[in-house]
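Labels below follow one simple rule: chain letters A, B, ... track the order of the sequence lines, proteins then strands, and each chain is numbered from 1. Computation of the quantities below employed the complete heavy-atom set of this structure, encompassing side-chain atoms and omitting hydrogens, waters and symmetry-equivalent molecules.
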Amino acid sequence: MFRRFIRDVIKALGDYGDEKFLRESEYADICSTVAFKLAKEKNTKPAEVADEIVAFMEFDSDYIGKVESVNGYINFTASGEFLRETVNRILDEDENYGSFSLGEKSVLVEHTSANPDGPLHIGHIRNSIIGDTVARMFRKAMVDVVTHYYVNDMGRQIAIACLGYKKYGIDRSKKPDQAVVEAYIKMNREIEEKPDLEEEVEKLMIAYERGDEEAVNLFREVVSLALQGITETLNKINVCHDEYVWESMFVRNGYVDRVIRMLEERNMLKEEAGALIIDMKKLGYEKDVVVKRKNGTTLYVTRDLAYHLWKNENYERFVNILGSDHKLIGRQLQDVMKALGLKAPEIVFFEFVSLPEGSMSTRKGKFIPADELIDRVYVEAKKIVEKRVDLSEDEKEKIARAVATGALRYDFVRIAPEKPMTFDWSKALDFERQSAAYIQYSHARACSILRKAVREGKPELEFLEELCNSDERKIVILLSKFSWVVEKALRTLRPNVFADYLMDVASAFNDFYSKYPVLKADSELRMHRLALVDACRIVLRNGLELLGIEAVERM
RNA sequence: GGGCCCGUGGCUUAGCAUGGAUAAAGCACCGGCCUUCUAAGCCGGGGAUCGCGGGUUCAAAUCCCGCCGGGUCCGCCA
């Protein structure tokens, strides 16, 4: 709804309706700072310009209530009708509230894509959560979304894991991804001691790339095992991929050859010591990109190029979520795609998650597995649920799970991707303010009021703008901003923007909750407030859903 | 060494795209609020040279230049 209000404001401003001068403000629902720019050009005072614009402004909008010129700002206040329509619309649209059309057809979101050589750790989880939330936001914007996990099944690490698997087998009693990483670590150690084993690794990689049956079966077995464990972990935090796309597919289906041919045709390749190299100096890079080793095998980037050629043929837009260590190669990939006359992927780079004692290292065993984090957060949540909720064991467990995944997801999604973060157990296990539990709690409180209203036999809802006080007004304006915020978050691909918004909604609702009685209010006021509570409930629930967090009705 | 990212109260962050009205929250700290719809809550208080220095501007946390601190990348690895 706020998007409509803004549209009307822009129309009312006419020639001065440039969206880039519109700002949120504590003095109005939206304000424009055009007068400052114009004053500079005309060499007059902003206040005078603003006065003049307001004096001559003509508009016919049911949503704009008041326009004022204050110190050069042009302040717009929404009308009572806007408030009423907002609440009614939320109540009508219910689970669809917040949807809007971004006007795009299809988006492919590739995220997580961790090497299938072992379990996910908390760094990978940041990727998954950002990616999954971005995908959910696109769906809310009525875009067809497909999510991909790009499986690097051709890497050296995988070959090592396979070798380990072949030599020692694996422990079938363990979670499969854990079992795979143990074989990988064991083999790695052996290679360090006996460097001539390198040859075997290389032989295996060549065999797999050539499609040797035995190698293919071995790789397929090991990678599937790892993926099985990874999927299980991901499911626990409500992350699910539509497709797992194996890298090797692109060497088998000819896309790798096609992309190399395209590079040749554009004269972008050179040969050095038997290897095929993209001359990146022409594109402004110091570092070249090797696409074929002298032994004839391809590299990760070669297959990635082929993958992106394939993406070009199937999707309008494609977004990748990548750790910032991939910045150079990611940008090179984008520029090579453009040089080929193709669309480049949009990339969200996120900074590393480190531990208080320093950066994580899989090899040194300095990392926190995602499973451990999930389990510990769950245990902590369960303790609190036990203490305060009088429900069946099943329900308590369900609530603890919802609170745990919520806490975890929110903890990662609230931080802007480009911020490095240091993992902190005490924060991860905190369920108070500025955590998902706070939002879930507000939602549960709203549900509780509504439940009692039904039980009392007086569930009538009707928002009455003439009864709306300033606190309530503030809430409705916030509620109206749902899709506007999703759009804003999507524009910059920063899901933290929405996480922040939902926290504001929860906070405003909690203020309201403690300040104003609902069930005990007199008839009309009660109906009015019940409508508001229900609207909050819907926004909170839809918002949590957008963040991949379950909105429980009791907690 | 070069490229990129980060630097906002003691701690964790928002705001930076598109410069504008007293820099916004949480944690921690201090003080209040459960005979009223769930206290995982609410209210109040103290606490910030927005890393440092310059510049642009009527106006800079936001833009530009330099510096400092931290991270990261610079493999015929992924």
* Decide whether Tyr285(A) and Asp335(A) meet the rule of one side-chain donor and one side-chain acceptor closer than 3.5 Å. => yes

* Any donor-acceptor N or O pair under 3.5 Å, side chains Ser248(A), Asp153(A) -> yes

* For RNA chain B, what are the stems built from at least three Watson-Crick or G-U pairs in a row, each pair having both distances below 3.5 Å? -> B:1-7 with B:68-74, B:10-13 with B:24-27, B:29-33 with B:41-45, B:51-55 with B:63-67

Quick one: label [X] by what it contacts on the DNA or RNA (base, sugar-phosphate, nothing), any heavy atom closer than 4.0 Å.
| X | result |
| --- | --- |
| Val552(A) | nothing |
| Ala416(A) | sugar-phosphate |
| Asp511(A) | sugar-phosphate |
| Arg526(A) | nothing |
| Glu19(A) | nothing |
| Asp390(A) | nothing |
| Gln440(A) | nothing |

* Is the glycosidic angle of C34(B) within 90° of 0, making it syn, or outside that range, making it anti? -> syn

Which nucleotide sits closest to the side chain of [X]: [options]?
| X | options | value |
| --- | --- | --- |
| Ala275(A) | C76(B), G15(B), A14(B) | C76(B) |
| Lys20(A) | U18(B), C73(B), C76(B) | U18(B) |
| Glu351(A) | A21(B), U12(B), G71(B) | G71(B) |
| Asn496(A) | G2(B), U13(B), A14(B) | A14(B) |
| Arg433(A) | C76(B), A14(B), C27(B) | C27(B) |
| Asn510(A) | C4(B), C42(B), C76(B) | C42(B) |
| Glu432(A) | U72(B), U18(B), G41(B) | G41(B) |
| Gln434(A) | A14(B), G26(B), C76(B) | G26(B) |
| Glu26(A) | U22(B), C5(B), A21(B) | U22(B) |

* Aromatic rings Tyr208(A) and Phe219(A): how do their planes relate, parallel, tilted or perpendicular, breaks at 30° and 60°? ->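 Ring orientation of Tyr208(A) relative to Phe219(A): parallel.
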
* Does NZ belonging to Lys282(A) count more than 12 external heavy atoms closer than 6.0 Å? -> yes

For [N], does OP1 or OP2 lie under 4.0 Å from any side-chain N or O of [X]?
| X | N | answer |
| --- | --- | --- |
| Tyr438(A) | A25(B) | no |
| Lys419(A) | G7(B) | yes |
| Ser359(A) | U72(B) | yes |

Should the side chain of [X] and the base of [N] be counted as holding a donor-acceptor pair, with the cut-off at 3.5 Å?
| X | N | result |
| --- | --- | --- |
| Arg23(A) | U18(B) | yes |
| Asp504(A) | A24(B) | no |
| Ser507(A) | A25(B) | no |

* Does Lys37(A) pair with Asp18(A) as a salt bridge, N-O distance under 4.0 Å? -> no

* Write down the distance between CG (Leu269(A)) and C1' (C76(B)), rounded to a whole number of angstrom. =>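 The answer, rounded to whole Å, is 14 Å.
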
* To do: Please report, rounded to the nearest Å, how far the P atom of A60(B) is from the NZ atom of Lys40(A).
  =>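 Atom NZ in Lys40(A) sits about 12 Å away from atom P in A60(B).
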
* Asked: If the sugar-phosphate is the primed atoms plus P, OP1 and OP2 and the base is the rest, what is the B/S/- string for nucleotides 31-39 of chain B, using protein heavy atoms under 4.0 Å?
  -> -----SBBS

* Centres of the Phe2(A) and Phe482(A) rings: under 6.0 Å? -> no

* Asked: When the aromatic ring centroids of Tyr441(A) and Tyr438(A) are compared, is their separation below 6.0 Å?
  ->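 No: the rings miss the under 6.0 Å criterion.
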
